[in-house]
Amino acid sequence: MTLRLFNTLTGQLDELSPANGGELRMYACGPTVYDYGHIGNFRTFLQVDVLRRFLKLTGVPVRHVMNITDVDDKIIRNAAELGISIGEYTPKFVDAFFEDLDSLRVERPEFIARATEHIEKMVQLIQRLEAAGAAYKTEDGSWYFRLKSFPEYGKLSKKDLTGIEDGARVDVDEYEKDSARDFALWKAVKPGETSWDTAIGRGRPGWHIECSAMSMEFLGESFDLHAGGEDLMFPHHENEIAQSETATKKPLARHWMHVRFLLVDGKKMSKSDGNYYTLRDLLLKGYKASAVRMALISVPYRHQLNFTFDGLTEATNAIDRLRTFHERVTKAALPTGESEAMQQAAAKARAEYFAALANDLNTADARAPIFDLVRAANTALDKNEFLAGDREAVLATLKDFDAVFDVLEDRDAGPTERAVAWAQADGREVAAELLTRQGLSDGEIDALVAERTQSKKQRNFARADQIRNELAEKGILIEDSKDGVRWKRK
RNA sequence: GCACCGGUGGCGAAGUGGUUAACGCGCUGGUCUGCAAAACCAGUAUUCAUGGGUUCAAAUCCCAUUCGGUGCUCCA
């Protein structure tokens, strides 16, 4: 099954497959590590995760590179305010970023490329551009890309810049540029700023050059897919194309994927509007990492997603349904044999699931057949028509579902515990409820559940209900079934 | 201002010319249960922002209106 993915460059759904057979080589823009990641960042990384997981599920090996921008204006500014170097400033946020990715179960790209570790490659690329007549140095020692040297500029974002007059938006600090739209490749050193002493002078890289240099380093001069948030389309990706293609005379990437911004409560997220959330904020409000993952994944990447707390609750409950079902199918005592109906239902769900994802990663559509299967199987289980031979077929379909969604197994305690530990270490307030929930060990719960079962046998329902209520207060829910008692953490 | 995207049940969200408008959450009633929970069953949009048009046929195409969002500048 071949994935048909919207290609920003062509404006249509194009099949995505490795140009040279073998690995699919992709580059996805990563974070600028000047602060903790917010849910908008993570929507993009999660959607790219969906993409790479689906590729792997369909048998396409992936060579995925993500950059870490660990030098830029904001980082320099923030570090300066604290009176420390950028090398002292960024590690905390790099670590936090990867911890958050782990919490959200985002797979690690095969390669992580840090801007500050590839300065030399960037310098070489700028020299190459200079040789091609596309880069020039200004009096202060900065280097710029000459936009006029790349007539195709704007082909990705479909912008026609020919009609835009120079001077309309000239930045007064940049009067030395040949043209107002020429963009920086290298910024001359300023007093007190981090800089590198290089063949093209002392300074630091412009933002766009790192991606051109590092994608070339890890993926070659032309590769299969380049992805990122929609905001990066212009100017960032447009500039990457200009730099790379001018230097190599080859298409940078055949396929471009852009993830739409999310809204929070119907508005663009911003700190001043008070609707700005990091992953940690949500975990500390008691939401599960899996629910955040589910909520951010369930709306297809090309659609605006309106993030709300109701949406997180919905995701939480949907996951509960799936997990409850998964456990039921796994553990139920079943009559021997195979039922034609269930075999077919599992196969149909699987086929529809794959078809939905292959159609431009339609995650919303992909969920539907899985829930259809859950209902059909629950019904069969209730009627004792679900047979032992059906278990494998249904679990196989769930496994394919989870290969992309990755929410079935309850691993939510870890991220929440980490968030709590981080908040306490950081001197932040932690809700008491969150702490009490962590108060009971599995063994203690098992003991209480056993006592309740015993009480029930003795028809001491008062004691049984008392135990159930006590556990409920601590976020533990009990469910009696014909296959025994099970409990789960809310 | 210019450009783009979208308005589908209480909420989220599929579906982009043709069976009873997926799926999830929620809500109501029922079955099951000592009571719950889970699960299942039934109900919950005669209708897809509004008005007009094209067509044998439109949520799906066209026009207008309206509302919301985004981009044009750092931003995932």
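A note on names: the letters A, B, ... follow the listed sequences, proteins ahead of strands, and every chain is numbered from 1. For the numbers below, each heavy atom of this structure counts, side chains included, while hydrogens, waters and symmetry mates do not. In this text, all values refer to a predicted model and were calculated from it rather than measured experimentally.
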| task | Answer with yes or no whether the side chains of A:Asp412 and A:Ser290 bring together a donor and an acceptor at under 3.5 Å. | result | yes
| task | Would you check if there is a donor-acceptor pair between the side chains of A:His38 and A:Asn41 at a distance under 3.5 Å? | result | yes
Nearest listed nucleotide, side chain of [X], among [options]:
X: A:Arg486; options: B:rA38, B:rC23, B:rG34; answer: B:rA38
X: A:Asp365; options: B:rC74, B:rA38, B:rA14; answer: B:rA14
X: A:Asn362; options: B:rG15, B:rA37, B:rA22; answer: B:rG15
X: A:Thr379; options: B:rC40, B:rC72, B:rA36; answer: B:rC40
X: A:Phe261; options: B:rG34, B:rA76, B:rA39; answer: B:rA76
X: A:Asp465; options: B:rC75, B:rA13, B:rC35; answer: B:rC35
X: A:Pro300; options: B:rC23, B:rG34, B:rA14; answer: B:rA14
X: A:Arg375; options: B:rC41, B:rC72, B:rG71; answer: B:rC41

Distance between the [atom1] atoms of [N] and [M], in whole angstroms?
N: B:rU70; M: B:rA64; atom1: C1'; result: 23 Å
N: B:rC4; M: B:rC40; atom1: C1'; result: 46 Å
N: B:rA45; M: B:rC23; atom1: P; result: 14 Å
N: B:rG71; M: B:rU60; atom1: P; result: 28 Å
N: B:rA42; M: B:rC61; atom1: P; result: 33 Å
N: B:rA57; M: B:rU46; atom1: P; result: 23 Å
N: B:rG7; M: B:rU16; atom1: P; result: 13 Å
N: B:rA21; M: B:rA59; atom1: C1'; result: 8 Å

Protein-nucleotide distance ([X], atom [atom1]; [N], atom [atom2]), rounded to Å:
X: A:Asp72; N: B:rA76; atom1: CG; atom2: C1'; answer: 14 Å
X: A:Lys158; N: B:rC5; atom1: NZ; atom2: P; answer: 13 Å
X: A:Met233; N: B:rC4; atom1: CE; atom2: P; answer: 12 Å
X: A:Phe183; N: B:rU73; atom1: CZ; atom2: P; answer: 14 Å
X: A:Glu230; N: B:rA3; atom1: CD; atom2: P; answer: 19 Å
X: A:Arg260; N: B:rG71; atom1: CZ; atom2: P; answer: 9 Å
X: A:Arg463; N: B:rA36; atom1: CZ; atom2: P; answer: 21 Å
X: A:Tyr153; N: B:rC72; atom1: OH; atom2: C1'; answer: 12 Å

Classify the side chain of [X] and the base of [N] as holding, or not holding, a donor-acceptor pair under 3.5 Å.
X: A:Asn317; N: B:rG26; answer: no
X: A:Arg321; N: B:rC25; answer: no
X: A:Arg468; N: B:rA36; answer: yes

Look at the side-chain N and O atoms of [X] and state whether any lies under 4.0 Å from the OP1 or OP2 oxygen of [N].
X: A:Lys488; N: B:rA37; value: no
X: A:Asn41; N: B:rA76; value: yes
X: A:Arg181; N: B:rU73; value: yes
X: A:His258; N: B:rA76; value: no

What contact category does [X] fall into here, base, sugar-phosphate, or nothing, at under 4.0 angstrom with non-hydrogen atoms?
X: A:Asp320; answer: nothing
X: A:Val259; answer: nothing
X: A:Pro369; answer: nothing
X: A:Ser481; answer: nothing
X: A:Arg367; answer: sugar-phosphate
X: A:Phe371; answer: sugar-phosphate
X: A:Lys383; answer: nothing
X: A:His38; answer: base
X: A:Leu262; answer: base
X: A:Leu477; answer: nothing
X: A:Ala318; answer: sugar-phosphate
X: A:Asp372; answer: sugar-phosphate
X: A:Gly40; answer: base

Does the ring center of [X] lie less than 6.0 Å from the ring center of [Y]?
X: A:Phe93; Y: A:Tyr36; answer: yes
X: A:Phe45; Y: A:Phe97; answer: yes
X: A:Phe218; Y: A:His118; answer: yes

| message | Salt bridge or not between A:Asp400 and A:Arg350? Use side-chain N to carboxylate O under 4.0 Å. | response | yes
| said: So that I can tick it off, tell me whether A:Arg53 and A:Asp49 are bridged by a salt bridge, with the cut-off set at under 4.0 angstrom between side-chain N and carboxylate O. | reply: yes
| field | Contiguous pairing runs of three or more, Watson-Crick or G-U under 3.5 Å, that involve RNA chain B | value | B:1-7 with B:66-72, B:10-12 with B:23-25, B:26-31 with B:39-44, B:49-53 with B:61-65
| task | Answer yes or no: is there a donor N or O on one side and an acceptor on the other, between the side chain of A:Lys158 and the main chain of A:Thr8, under 3.5 Å? | result | yes
| said: Just verifying a value: how many Å separate A:Asp182 CG and A:Asn239 CG, rounded to the nearest 0.5 Å? | reply: 10.0 Å
| Do A:Asp14 and A:Leu5 come close enough that some side-chain heavy atom pair is under 4.5 Å? | no
| field | Pairs flagged by salt bridge (Lys or Arg N to Asp or Glu O under 4.0 Å) wherever residues 294-305 of chain A is involved - sequence neighbours left out | value | A:Arg302-A:Asp360
